[in-house]
Amino acid sequence: MKKILAILGSALLLTACDSNEVGDVSLGLFTTKDIKLNILQDPLISGVTCHVASIEANLSFSDPSDSSISCRQTGEITPEMIAKIDKSASGDVVFKKSKSVFFKTMKIRRIFDPSSQTLMYVSYSTKETSGSFKHSLSTVPLWGTKAFNSYTGS
């Protein structure tokens, strides 16, 4: 019992201490659920910034899986940056966050589409909720950057 309480306490502390949080919208006086707004910088493509909105329930055993993502070009994107990323169909996980003590995780994956010269960022939950896996997609076209047409695939 002490272990379970320690794990729950740690989970509460970790969810309250998010250094990427830029906003917090309360869903009402009689709920412990809030919409948390986080900023994420792509670790390999420094010219891309994503904002993620997700519901968090601080005093609950589970967090809802709903989230939305919006990514934009906020700086230079170079051919060297594109050369470093995983270009497979499943791409790279660029962010991962635990959403509950029951092993639910929110992940953000970057996938490159060479035919449209676009970076795609998909946010998704790793556990099924209400009969479906929740997900959200945002795209960042390379048009107008130094990286446009630098990678044609192979």
Side-chain angles (χ1 to χ4, degrees), residues 10-12 14-27 31-58 60-154:
S10 297
L12 284 175
L14 289 174
T15 59
C17 300
D18 193 346
S19 64
N20 296 329
E21 188 178 307
V22 294
D24 185 347
V25 178
S26 173
L27 292 176
T31 181
T32 61
K33 295 178 182 170
D34 293 335
I35 299 173
K36 301 289 185 175
L37 305 171
N38 291 286
I39 185 171
L40 303 168
Q41 192 78 38
D42 186 317
L44 294 180
I45 312 290
S46 60
V48 173
T49 302
C50 298
H51 290 89
V52 179
S54 62
I55 295 177
E56 292 189 10
N58 289 332
S60 177
F61 285 109
S62 66
D63 271 334
S65 297
D66 292 330
S67 68
S68 83
I69 186 169
S70 180
C71 300
R72 297 291 181 266
Q73 179 188 351
T74 55
E76 188 173 39
I77 301 174
T78 66
E80 295 79 20
M81 291 175 191
I82 299 301
K84 292 179 183 177
I85 65 173
D86 181 343
K87 294 178 191 70
S88 68
S90 61
D92 260 337
V93 172
V94 295
F95 178 77
K96 182 167 52 171
K97 181 178 183 181
S98 174
K99 294 295 285 175
S100 80
V101 294
F102 297 112
F103 309 109
K104 185 190 303 182
T105 303
M106 179 185 72
K107 293 182 180 181
I108 296 173
R109 191 173 283 274
R110 177 200 331 101
I111 300 171
F112 180 64
D113 177 8
S115 64
S116 67
Q117 295 285 294
T118 301
L119 295 167
M120 300 180 294
Y121 292 84
V122 62
S123 170
Y124 61 98
S125 169
T126 58
K127 272 194 129 176
E128 187 176 344
T129 304
S130 302
S132 68
F133 289 89
K134 305 290 185 170
H135 63 280
S136 180
L137 175 71
S138 185
T139 61
V140 178
L142 297 181
W143 174 256
T145 72
K146 291 179 181 179
F148 186 71
N149 280 333
S150 68
Y151 181 84
T152 55
S154 48

Note: S90 and I111 closest approach over all heavy atoms is O-CG1, 3.8 Å
Rounded to the nearest 0.5 angstrom, the CG-OG distance for L137 and S70 is 10.5 Å
Closest non-hydrogen contact found for P43 with V94 is CD-CB, 4.0 Å
Side-chain donor/acceptor of D86 to backbone N/O of S88, under 3.5 Å: yes
Rounded to the nearest 0.5 angstrom, the CE-NZ distance for M81 and K146 is 9.5 Å
If you define the side chain from C-beta out and look only at heavy atoms, does anything of R110 sit under 4.5 Å from V48? no
* Got C50 and D42 here, is their nearest side-chain heavy-atom distance under 4.5 Å? -> no
**Prompt:** Under a 4.5 Å cut-off applied to non-hydrogen side-chain atoms, are S138 and R72 in contact?
**Reply:** yes
When rounded to the nearest 0.5 Å, the distance separating OH of Y121 from CD1 of I45 is 5.5 Å
Please check: side-chain N/O of E21 versus main-chain N/O of L37, any donor-acceptor pairing under 3.5 Å?
no
Heavy atoms of I77 and I82 approach each other most closely as CG2-CD1, 4.1 Å
d(I35 CD1, S67 OG) to nearest 0.5 Å is 11.5 Å
The reported gap from OG1 in T49 to CD1 in I39 (rounded to nearest 0.5 angstrom) is 5.5 Å
Within the 4.5 Å heavy-atom criterion, are R109 and F95 side-chain neighbours or not?
no
CG of L119 to SG of C71, rounded to nearest 0.5 Å, is 9.0 Å
D24 side-chain N/O to K36 backbone N/O, donor-acceptor pair under 3.5 Å
no
